[in-house]
S.K.: 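Just passing along the structure, written as structure tokens.
In what follows, chains carry the letters A, B, and so on, assigned in the order in which the sequence lines appear, proteins first and then strands, with residues in each chain numbered from 1.
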Amino acid sequence: MSVDPELLDDLRARGLVQDSTDPAELADRMAAGPIKAYVGFDPTADSLHVGNLVGLLMLRRFQDAGHHVIVLAGGATGMVGDPSGKSSERSLQSDDQLAENIAGILPQLRQFLDFERPGNPATLLDNRAWTVGMSYLDFLRDIGKYVTVNQMTAKDSVRSRMESSDGISYTEFSYMLLQAHDFAWLYEQEGCHMQMGGSDQWGNIVTGIDLIRKKVGGQGLGLTFPLLTKPDGTKYGKTAGGDTIWLSAAKFSPYAFYQTWINAEDGEIEKLLLRLTLLPVEEIRATMAEHNEAPHKRVAQTRLAVELTSLVHGADAMAGAREASAAVFGGSVAHLSEDALEMLSSELPTFSTSRDVLGQEAAFVPLLTEAGITASNSEANRLLKQNGLSVNDVKVPVDHVIATADLLHGRYAAIRKGKKHLSLLRFDH
RNA sequence: GGGUCGGUGCCCGAGUGGCCAAAGGGAGCGGACUGUAAAUCCGCCGGCUUCGCCUACGGAGGUUCGAAUCCUCCUCGGCCCA
């Protein structure tokens, strides 16, 4: 099986290499033939989010280039909690919660890789398999003996926690050993010689490489990619509103997902295309050139939204999201057919309510709150005062009475909050 | 354990008896301008039956006509000493 010799250069061109072990050796090993690499994901929630996407795609890039990849679910490490990037101790997850989270992320971990590919099928492993049965004494003798506390406390995230008043529990302090053990185990048992991760994982990865050297006498490889950050420097994974951009359609709708990327700002778009899509670099450059010719056409944003939504939610869901977007932002919602509205109701936040309120004085404001369009009646009143609400694309006054005349096809009302937030009310009982 | 300083709205952070629903900044929301962009500007930004009322400044009591502001106890945290 031959490998794509361009992979490492491609990763560099995309800005996906933050740190790596000896670059020359890395290049040699990757060019010499298929190498086996892994990325681990801890089940901290019942879904992965965009922040995890970079790592998943990293594996995908390796697989596509002919390498072997292992995606590791952190069934064991998730029980302990990685202190990296965390300013305070986290509470442990209950067994039930953990099981639920694993069940949620496993399909997502599978989704981006090909487990049937002839020659180099991907492998999914759970570190619980080789950790759960290990006795504490064995762990201390076989792993702990090789790692000095000096080395562990040198790590920034550990150090800052040690200096903070809350301190760091022995449990979280030990996390790094578990991860190092994983790497060593995979090295020995699976012939997996390389670990990748976000830049906050560098310390954990290096600890694993040290362990491999001391315990097995082997030479592990490590590579980290930059964490995806927003223009303000904060981690990606959250929308402007502070909601996490989940990969699960149930937690973050394909429409909302699509819209997130459509709204990406110009200054970010090239970086996002490079790191979050599999589009060839030259094609991205060409898209950017086209975009810069006529920025208002938002070619790059559309490209990003289409690519990413298809990748994460599939072509059908992407098409639905795109149509909904076109309907919402393309023209007047009021002219849509009943079928189109029906379709929209599955994409947009839709609230089903009773026809009783129609024509009632002062029923509109509480309805908005009940429907979750506004957080409180006060907010609804405020928005109305500020001219920020429209029904079927017509701005409505403070004393608006929702009535039969507001209904589209006898049962829908499209409520727009500001410019971008469209919800549907459905009066069907 | 002793001493000392502190816990304010989503976050940071002013406020030491009435003019405090509480300065200022950030975030967020609406509006204008645009390209569903960025930047900028304007407005809003606890709740409610909104000229007023209710809830709120770690918790519980108390002093006072009146407390985020004073007192007592509790609780949590910083720092210093042991």
S.K.: What distance, rounded to whole Å, do you find between the two P atoms, one in B:rC33 and one in B:rA14?
M.R.: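 Per the computed distance, 40 Å lies between those P atoms.
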S.K.: Could you measure between the two C1' atoms, the one in B:rU75 and the one in B:rA22, and give it in whole Å?
M.R.: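 Roughly 25 Å separates the two C1' atoms.
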S.K.: Using side-chain hydrogen bond (donor to acceptor under 3.5 Å, both in side chains) as the criterion, list what pairs up with A:N377, not counting sequence neighbours.
M.R.: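 In terms of side-chain hydrogen bond (donor to acceptor under 3.5 Å, both in side chains), with neighbours along the sequence ignored, A:N377 is linked to A:T369.
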S.K.: Just distance, no hydrogens or angles: give the donor-acceptor pairs under 3.5 Å from side chains in residues 356-367 of chain A, sequence neighbours left out.
M.R.:
unit_1	atom_1	unit_2	atom_2	d
A:D356	OD1	A:S354	OG	3.4
A:D356	OD2	A:S354	OG	3.2
A:Q360	NE2	A:D356	O	3.1

S.K.: Identify, residue by residue, the members of residues 283-294 of chain A with a heavy atom below 4.0 Å from RNA chain B, and return them in order of residue number, or none.
M.R.: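 Result for residues 283-294 of chain A: none.
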S.K.: What's the gap between B:rG46 and B:rC11 when it is taken at their P atoms, as a whole Å value?
M.R.: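 Rounded to whole Å, the distance is 14 Å.
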S.K.: Measuring only the P atom in each nucleotide, how far is B:rA68 from B:rU34? A whole number of Å is fine.
M.R.: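 About 48 Å, rounded to a whole number of Å.
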S.K.: How many whole angstroms separate atom CG of A:L304 from atom P of B:rG35?
M.R.: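 It works out to 21 Å between those atoms.
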S.K.: Just the atom pairs and distances: protein N or O near nucleotides 50-56 of chain B's N or O, under 3.5 Å.
M.R.:
unit_1	atom_1	unit_2	atom_2	d
B:rU50	O4	A:S378	OG	2.9

S.K.: When the P atoms of B:rG25 and B:rG31 are considered, how many whole Å apart are they?
M.R.: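 The answer is 22 Å between these two P atoms.
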S.K.: Under 3.5 Å for both donor-acceptor distances, Watson-Crick or wobble: does B:rC79 have a partner, and if so which one?
M.R.: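 Its partner is B:rG3.
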S.K.: Test: salt bridge (Lys or Arg N to Asp or Glu O under 4.0 Å). Region: residues 137-147 of chain A. Which pairs qualify, not counting sequence neighbours?
M.R.: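 Every candidate salt bridge (Lys or Arg N to Asp or Glu O under 4.0 Å) pair involving residues 137-147 of chain A fails, so no pair, neighbours aside, qualifies.
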S.K.: Identify each donor-acceptor pair in which a side-chain atom of residues 99-112 of chain A lies under 3.5 Å from a protein atom, sequence neighbours left out, and give them as a table.
M.R.:
unit_1	atom_1	unit_2	atom_2	d
A:N101	OD1	A:D46	N	3.2
A:N101	OD1	A:Q97	NE2	3.1
A:N101	ND2	A:P43	O	3.2
A:N101	ND2	A:Q93	OE1	2.6
A:Q108	OE1	A:L48	N	2.7
A:Q108	NE2	A:S47	OG	3.0
A:Q111	NE2	A:V312	O	2.5

S.K.: Rounded to whole angstrom, note down the C1' distance from B:rG66 over to B:rG62.
M.R.: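 15 Å, rounded to whole Å.
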S.K.: Which value, in whole Å, describes the distance between the P atoms of nucleotides B:rA39 and B:rC45?
M.R.: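 One P to the other, the span is 23 Å.
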S.K.: We want to know whether A:D114 and A:Q63 form a side-chain donor-acceptor pair, criterion being a heavy-atom distance below 3.5 angstrom.
M.R.: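 Side-chain D/A pair, A:D114 to A:Q63: absent.
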S.K.: Run the numbers on A:Q259 and A:S325 for side-chain hydrogen bond (donor to acceptor under 3.5 Å, both in side chains), then give the verdict.
M.R.: CA-CA 7 Å; A:Q259 279 296 318; A:S325 297; 2.9 Å; yes
S.K.: Quickly work out the A:D399 CG to B:rU49 C1' distance and round it to whole Å.
M.R.: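 The answer, rounded to whole Å, is 16 Å.
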S.K.: List the atom pairs, with distances to 0.1 Å, where a side-chain N or O of residues 173-185 of chain A and a protein N or O form a donor-acceptor pair under 3.5 Å, not counting sequence neighbours.
M.R.:
unit_1	atom_1	unit_2	atom_2	d
A:S174	OG	A:Y170	O	2.6
A:Y175	OH	A:D42	OD2	2.6
A:Q179	OE1	A:N204	ND2	3.2
A:Q179	NE2	A:Q195	OE1	3.0
A:Q179	NE2	A:Q201	OE1	3.1
A:D182	OD1	A:W130	NE1	2.9
A:D182	OD2	A:N127	ND2	2.9

S.K.: Mind checking the C1' distance from B:rA21 to B:rG47? Whole angstroms is fine.
M.R.: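 So the two C1' atoms sit 11 Å from each other.
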S.K.: Output all residues satisfying side chain to side chain contact (heavy atoms under 4.5 Å, CB included) with A:K297, sequence neighbours left out; order by chain, then residue number.
M.R.: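 For A:K297, the residues satisfying side chain to side chain contact (heavy atoms under 4.5 Å, CB included) (neighbours in sequence not counted) are A:A294, A:V299.
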S.K.: Under the side chain to side chain contact (heavy atoms under 4.5 Å, CB included) rule, collect the residues that match up with A:E379, sequence neighbours excluded.
M.R.: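 A:T374, A:A375, A:S376, A:R382, A:L383, A:K417.
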S.K.: Which side-chain N or O atoms in residues 406-415 of chain A pair as donor and acceptor under 3.5 Å with protein atoms at least two apart or in another chain?
M.R.:
unit_1	atom_1	unit_2	atom_2	d
A:D406	OD2	A:H400	NE2	2.9
A:D406	OD2	A:A403	N	3.1
A:H409	NE2	A:L336	O	2.8
A:H409	NE2	A:E338	N	3.3
A:R411	NH2	A:E342	OE1	3.3
A:Y412	OH	A:E342	OE1	2.7

S.K.: Using the rule given for side chain to side chain contact (heavy atoms under 4.5 Å, CB included), can you reason through A:V328 versus A:R416, listing the C-alpha separation, both sets of side-chain angles and the distance that settles it, and then say yes or no?
M.R.: CA-CA 9 Å; A:V328 173; A:R416 192 185 294 265; 3.9 Å; yes
S.K.: Need one value for A:K417: base, sugar-phosphate or nothing, where a base atom within 4.0 Å counts as base even if backbone is also close, heavy atoms only.
M.R.: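 The answer is sugar-phosphate, as A:K417 gets under 4.0 Å only of primed atoms, P, OP1 or OP2.
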S.K.: What is the per-nucleotide protein-contact pattern of nucleotides 36-44 of chain B, from the 5' end, where B denotes a base atom under 4.0 Å from a protein heavy atom, S denotes such proximity for sugar-phosphate atoms only, and - denotes neither?
M.R.: BBS----BS
S.K.: Please give the nucleotide sitting opposite B:rG52 as a Watson-Crick or G-U wobble pair, both distances under 3.5 Å, or none.
M.R.: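 The answer is B:rC48, by the H-bond criterion.
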S.K.: Counting Watson-Crick and G-U wobble pairs only, both distances under 3.5 Å, name the nucleotide matched with B:rG18, or none.
M.R.: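 Its partner is B:rC65 (Watson-Crick or G-U wobble, both distances under 3.5 Å).
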S.K.: Got a sec, which residues hit side-chain hydrogen bond (donor to acceptor under 3.5 Å, both in side chains) with A:S352, two or more places apart in sequence or on another chain?
M.R.: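 If we apply the side-chain hydrogen bond (donor to acceptor under 3.5 Å, both in side chains) test to A:S352, skipping adjacent residues, the hits are A:D428.
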S.K.: Assuming nearest nucleotide by heavy-atom distance, tell me which of A:K297 and A:P366 is located more 5' along RNA chain B.
M.R.: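 Closer to the 5' end of RNA chain B: A:K297.
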S.K.: Once you apply the 3.5 Å cut-off to both distances, tell me the Watson-Crick or G-U wobble partner of B:rC73, or none.
M.R.: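 Answer to the pairing question: B:rG59, which forms a Watson-Crick or G-U pair with B:rC73.
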